[in-house]
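If you read the sequence from its start, that first residue is 1, and numbering goes on from there. Order of appearance sets the numbers: ligands from 1, and atoms from 1 within every ligand.
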Amino acid sequence: MITSADLHLSENNGSQASVGLPMKVAVFSAKKYDQDGFTQWADPSLQFSYFDSRLNALNVKLAQGCHAICAFVNDDLSADVLQQMSAMGIEMVALRCAGFNNVDLDTAKALGIRIARVPAYSPEAVAEHTVAMMLTLNRKLHKAFNRVRDDNFAIDGLLGFNMHGKTVGLIGTGRIGLATARILKGFGCKLLCYDVEPTDELADSYVSLNELYAQSDIISLHCPLNPATKHLINSDSLAKMRDGVMLINTSRGGLVNTKTVIQGLKSRKIGYLGLDVYEQEADIFFENLSEQVIDDDVFKRLLTFPNVLITSHQAFFTKEALAQISTITSENLMAFAGGNATGNELVK
Ligand code: NAD
């Protein structure tokens, strides 16, 4: 970890202007666990101001007087927000997440705003949650939990299948896809993989996307959301899948066309659906809305299916991952402060 002491001693060896210390950072979408993480793991010379609201064009002014913004998955870093940041003299964004589909990178580059992320805080955290969703849907643990608490010890309706011998299709075999593959190999699953940049460790498993769709009992998404992958799961791809397929998405909501998936559930094409992410999650996830009316009819329809399991973007949420997120975000900010490269830049 880079400390403030290191920073004062080191030469500015980057091409960027340094802001020096103490560095003021506006943290948006801040929860108690973010604050706890930074209190425990961040360099003490970073001064954080916490805002629980999601960053957007209306509230970016809250960051006035800060040197950097720290943002999360559903914060809005579109052109308008970046332009307002730039006008306030803020030239740094530290994302405390891996995905960056919410950032207009071209505008950031044009404005000279540096963006860094936490590329790999814990692939295992997300992979383990992915497999937890597969097992819960398969063995109906969520139903069993409630039944037993209700003194209902009947097991009819809870019939599952052996994971051993089943074919799992992994779309995207980067850090998280690979960690998921390693776990599933231990279960005795057959893996079929697809990636635009294959990895040596899974060299024997790569097939075409069409073959993956046609052969897989379970399909799990681990590729980023970008123009090429938006609505990857649509009526065409669904039609190529096995009847009763299990579909898991712990990547980004926009990979799945939700309305099409609802049709797939109604037609029984999809036998099980596990989502940790949802295209319109920004209005719902990370908040306690239990006393409010939810207006999103598509989301509420999803919740009516007995074979759908939704978690609210918690796949990353382990103690180990939080420690990594806080530590690496702090290192990114300290590097920014000293005008040094972090190695985690999306825009330098
Ligand atoms: P990564 O960059 O290590 O791996 C992504 C892989 O997808 C790469 O191998 C890449 O080549 C591949 N890919 C890119 N375009 C593709 C395409 N069109 N088709 C198939 N593969 C393609 O990223 P990662 O750390 O494994 O994360 C994967 C995704 O998981 C992230 O983009 C992020 O959106 C999501 N994520 C979710 C959570 C969560 O809590 N639910 C946490 C972290 C990351």
With a 4.0 Å cut-off, would you call K32 and D36 a salt bridge? yes
Tell me, please, whether F305 has R301 positioned over its six-membered ring: NZ or CZ under 6.0 Å from the ring centre and within 45 degrees of its axis? yes
State yes or no: are the ring centers of F316 and F72 separated by less than 6.0 Å? yes
Presence of salt bridge, E287 and K31, under 4.0 angstrom: yes
Mind checking what residues have non-hydrogen atoms under 4.0 angstrom from ligand 1? Y121, V126, G172, T173, G174, R175, I176, Y194, D195, V196, E197, H222, C223, P224, T229, T250, S251, R252, D276, H313, A315, F316
Taking all non-hydrogen atoms of both residues into account, name the closest pair between G264 and L238 and its distance. CA-CD1, 4.1 Å
Tell me the closest heavy-atom pair linking I310 and V308, and the distance in Å. CG1-CG1, 3.8 Å
